[in-house]
Amino acid sequence: MSVPDPSDDPLSRERAHLTHSRAALRSMREDVESLDIRDVTANWVNAEVLTRQIEERVKALADLSHTPLFFGRLDYLHSPGADQAEGAEGERFYIGRRHVHDADGDPMVIDWRAPVSQPFYRASKKNPLDIALRRRFGYTGGDLTAYEDEHLSDPADSAGDAATSKLLQQEIERPRVGPMRDIVATIQPEQDEIVRSGLGGSVCVQGGPGTGKTAVGLHRVAYLLYAHRDRLARTGTLVIGPNASFLHYIEQVLPALGELEVKQATVDDLVAHVEVRGTDEAPAAVVKGDARMAEVLRRAVRSHVTMPVEPVVVVRGSRRWRVPAYELEVIVRELLDRDIRYGAAREALPQRIAHAVLVQMERSGEAPDDRVQDAVARNTAVKAAVKSLWPPVEPAKLVLRLLSDADFLATHAEGLLTEDEQKTILWARPVRSVKSAKWAAADAVLIDEATDLVQRTHSLGHVVLDEAQDLSPMQYRAVGRRCTTGSATVLGDLAQGTTPWATRSWEEALTHLGKGDAVVEELTAGFRVPTDVITYASRLLPHIAPGLTPVASVRENPGFFEVRPAPADSGDTAATMATEVVAACEELLRNEGSVGLIAADARVPLLAEALAAAGLPHLGPGEETTLTTRLTLVPASLAKGLEYDYVVLDEPRAVVDGEPDERTGLRRLYVSLTRAVSGLIVTHAAPLPPQLAEGAGAL
């Protein structure tokens, strides 16, 4: 009896290719580690820079044992073409998270961002893009355990459609333990179009829960860094999220794709000119966040400029040169009319005055050069005139005066803010200094605006703004200042806006951002939230965002969903509900994956005590789950952007009542309902909000 040749087994051949690819990656890493830079650096500065670059390259070549090195394969019918890649007819490419080549430089794995990889995401039976076969691989841990073929160019094969891919469905529905992971193996055609859109234009992605908008934004950054590496290395990239918990949740996505240099921040981080120790009531925060405040600040900054009433007399040797007041006024008004930054104009003013002196010198027969002009600009009389006409402005002190001096505010808010609005933002008590002020978050944004009026903010090459629907117009302006010469990817869902100043339309938001020409794309296919869960949550859409298209789940598994009211014979309702919540958590923890207990902020302490009494350890939002602690207790106000395999939602009515108005409360509830990946249990003793109860019998 003959022994079967392992080489005849396709799975064995693919495993062998994985083994050889890992070995090649290890060799690439060792080659970088062995580089000797002693003879190629001119000084210690160059040596430090090159050493750091080598260290970053070594990190980028790390082989993550539980992350598949490649997840797909493309068999082309013909050569991909000179504009995509070189290769012979029928060439085969393995698609992975990074490029890997062998000792001869031949590719063993192609980066998913390369043009030759694009058909992996775009090809279909209707448009095979010259692909004979697309193969997807399944992994258990880091081991290749399965594959699935789609014969896209074979008319006899009717199964070659990504929608029927079992491995694709399994990858989409895989449990969400730990931080957010990349989606390079499951990017869909409509997502890929956004990911690969050019650097020159800005994109706004409207996407409901589970449509993958955050992942699309992060993968677009990775693609742009691949396609425009040199440019973005000079100008920089930034990902902006709503809070530190969210940033911690997504922070491993880009490093897993080999991108280590992308910075992350919240809007509060960007505008941290002062220590925020206070809070605003909603009406005050709304007015401070209104775009009209930008003009109030502009007026206040420019009000420091005064017109001259005396001439400037410059003494040089035995000569006296006199610039009359009327000529100085012309110079000052010209600078005002140019509407340049206050600080830039102040720096230009002494040179303008000096130029006027040089004109007089030339008329008298002298031949001054640039050195003379610089000397005149530094003359004591000129410096004194500049200080008087165009004094320095400290942004924090300016905002302090606006918020504490009713007359100063009234002067510069005339025709912009009503008297009631002015009273709303004025501090009740006078504040003596910037350090003693209890600044609120909205105040820091105003200081950032004033700072930009004085000195231009540095612009980055690309900015990703996530959960954008919750930003105020002034916050949009703060972000827009960071990409005035670059582009932006704006991500959000109008239905999830839960701030009093939440965005009403993307057109308005993009205008405040300074990206009014951005293309707005809508994602409506849901890959994360199960069908039954998103159907239930979508009952709220007509009440919170009537113009939006409901998300349609594409998951084959409908998910686990149940609404559990308090037992009819319960005595102590609070104690009974705490017991019900704990029981629901214990039930869901029997499954694989993470569990999130989401509750109104005011009920979190009560539930924390109940969990402790039951011996159930739990984490806070953004903390990484472990094998022994997979339960996270999440205040509803921090649930946005997070996801868990299973969710217990406590008291929907309390979530709604915890917000200043019903519409905001319903939006908060919509967010809370849509955090589940595999199943949702809703527990309640109070009646459900009527908007949820509508059509309940249909489920």
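One-based numbering along the sequence shown. Being a predicted model, the structure only gives us computed values, none of them experimental.
Counting heavy atoms from C-beta outward, V184 and L257 have side chains that approach closer than 4.5 Å. The side-chain heavy atoms of L631 and L611, taken from C-beta on, include a pair separated by under 4.5 Å. Side-chain contact between D645 and V595 is absent, with no heavy atoms from C-beta onward closer than 4.5 Å. For the pair P242/K640, no side-chain contact is recorded, criterion being any heavy-atom separation below 4.5 Å from C-beta on. Side-chain atoms of T237 and L460, non-hydrogen and from C-beta on, never get closer than 4.5 Å to each other. The shortest side-chain heavy-atom distance between E522 and T549 falls under the 4.5 Å cut-off. Considering only heavy atoms from C-beta on, L642 stays 4.5 Å or farther from I598 through its side chain.
Between the side chain of S459 and the main chain of T485, a donor-acceptor pair closer than 3.5 Å is present. Between the side chain of R630 and the backbone N or O of L589, at least one donor-acceptor pair lies under 3.5 Å. Put simply, the side chain of H228 never gets that close to the backbone of L224: no donor and acceptor are under 3.5 Å apart. Judged by distance alone, with hydrogens and angles left aside, the side-chain atoms of T484 form no donor-acceptor pair with the main-chain N or O of G480 at under 3.5 Å. The closest donor-acceptor contact from the side chain of H17 to the backbone of M108 lies under 3.5 Å.
One finds a salt bridge joining D192 and R122 here, because a Lys/Arg side-chain nitrogen approaches an Asp/Glu carboxylate oxygen to under 4.0 Å. Between K125 and E150 there is no salt bridge, since none of the side-chain N atoms of the basic residue sits less than 4.0 Å from a carboxylate O of the acidic one. Checked for salt-bridge contact, E259 and R113 meet the test: a charged N lies under 4.0 Å from a carboxylate O. Between E33 and R29 there is a salt bridge, with a side-chain nitrogen of the basic residue lying less than 4.0 Å from a carboxylate oxygen of the acidic one. Salt bridge annotation for R234-D230: absent, with no cationic side-chain nitrogen under 4.0 angstrom from a carboxylate oxygen. A salt bridge between R92 and D75 is present, with a side-chain N of the basic residue lying under 4.0 Å from a carboxylate O of the acidic one. The existence of a salt bridge linking D493 and K213 is excluded, since no basic side-chain nitrogen approaches an acidic carboxylate oxygen closer than 4.0 Å.
Two rings, from Y646 and F560, have their centers 6.0 Å or more apart.
F137 and Y139 have perpendicular rings, their planes meeting at more than 60° on a 0 to 90° scale where under 30° would count as parallel.
Exactly one of V464, V203, L225 qualifies for a side chain to side chain contact (heavy atoms under 4.5 Å, CB included) with R220. That residue is V203.
Closest non-hydrogen pair, A525 versus V551, comes out as C-CG1, 4.3 Å. Contact record, A639 with V671: C-CG1, 4.3 Å, taken as the closest heavy-atom pair.
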Inset, instruction - Could you please spell out the steps behind the side chain to side chain contact (heavy atoms under 4.5 Å, CB included) verdict for L491 and L465? - result: CA-CA 6 Å; L491 313 167; L465 175 61; over 6 Å; no

Legend entry - Working for side chain to side chain contact (heavy atoms under 4.5 Å, CB included), residues R675 and R528: CA-CA 9 Å; R675 300 304 94 198; R528 175 173 58 78; 3.7 Å; yes

Inset, instruction - Starting from the C-alpha separation in whole Å, work towards a yes-or-no answer on side chain to side chain donor-acceptor pair (under 3.5 Å) for T535 and D532. - result: CA-CA 5 Å; T535 300; D532 289 352; 5.4 Å; no

Legend entry - Verdict with reasoning, V533 to L673, per side chain to side chain contact (heavy atoms under 4.5 Å, CB included): CA-CA 7 Å; V533 174; L673 285 167; 5.6 Å; no

Inset, instruction - Begin from the C-alpha positions of I183 and Q191 and carry the test side chain to side chain contact (heavy atoms under 4.5 Å, CB included) through to its verdict. - result: CA-CA 10 Å; I183 61 166; Q191 296 174 324; 4.2 Å; yes

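Of the N and O atoms on the side chains of E251 and H248, at least one donor lies less than 3.5 Å from an acceptor on the other residue. Between the side chains of D143 and T140, no donor-acceptor pair of N or O atoms lies under 3.5 Å.
Every residue meeting the side-chain hydrogen bond (donor to acceptor under 3.5 Å, both in side chains) condition with H462, not counting sequence neighbours, appears here in chain and number order: S487, T489.
To the nearest 0.5 Å, the span separating CD on Q264 from CD1 on I250 amounts to 4.5 Å. Summarising the geometry, atom CD belonging to E14 is positioned 10.0 Å from atom CG belonging to D9; distances are rounded to the nearest 0.5 Å.
For the ring-ring contact (aromatic ring centres under 6.0 Å, His included) condition, the pairs that include at least one residue of residues 96-116, sequence neighbours left out, are H99-H101, W112-H219. Applying the ring-ring contact (aromatic ring centres under 6.0 Å, His included) definition to pairs two or more places apart or across chains, those involving residues 116-136 are F71-F120.
The side-chain tip of R135 points at the ring of Y147 from less than 6.0 angstrom away and within 45° of straight on.
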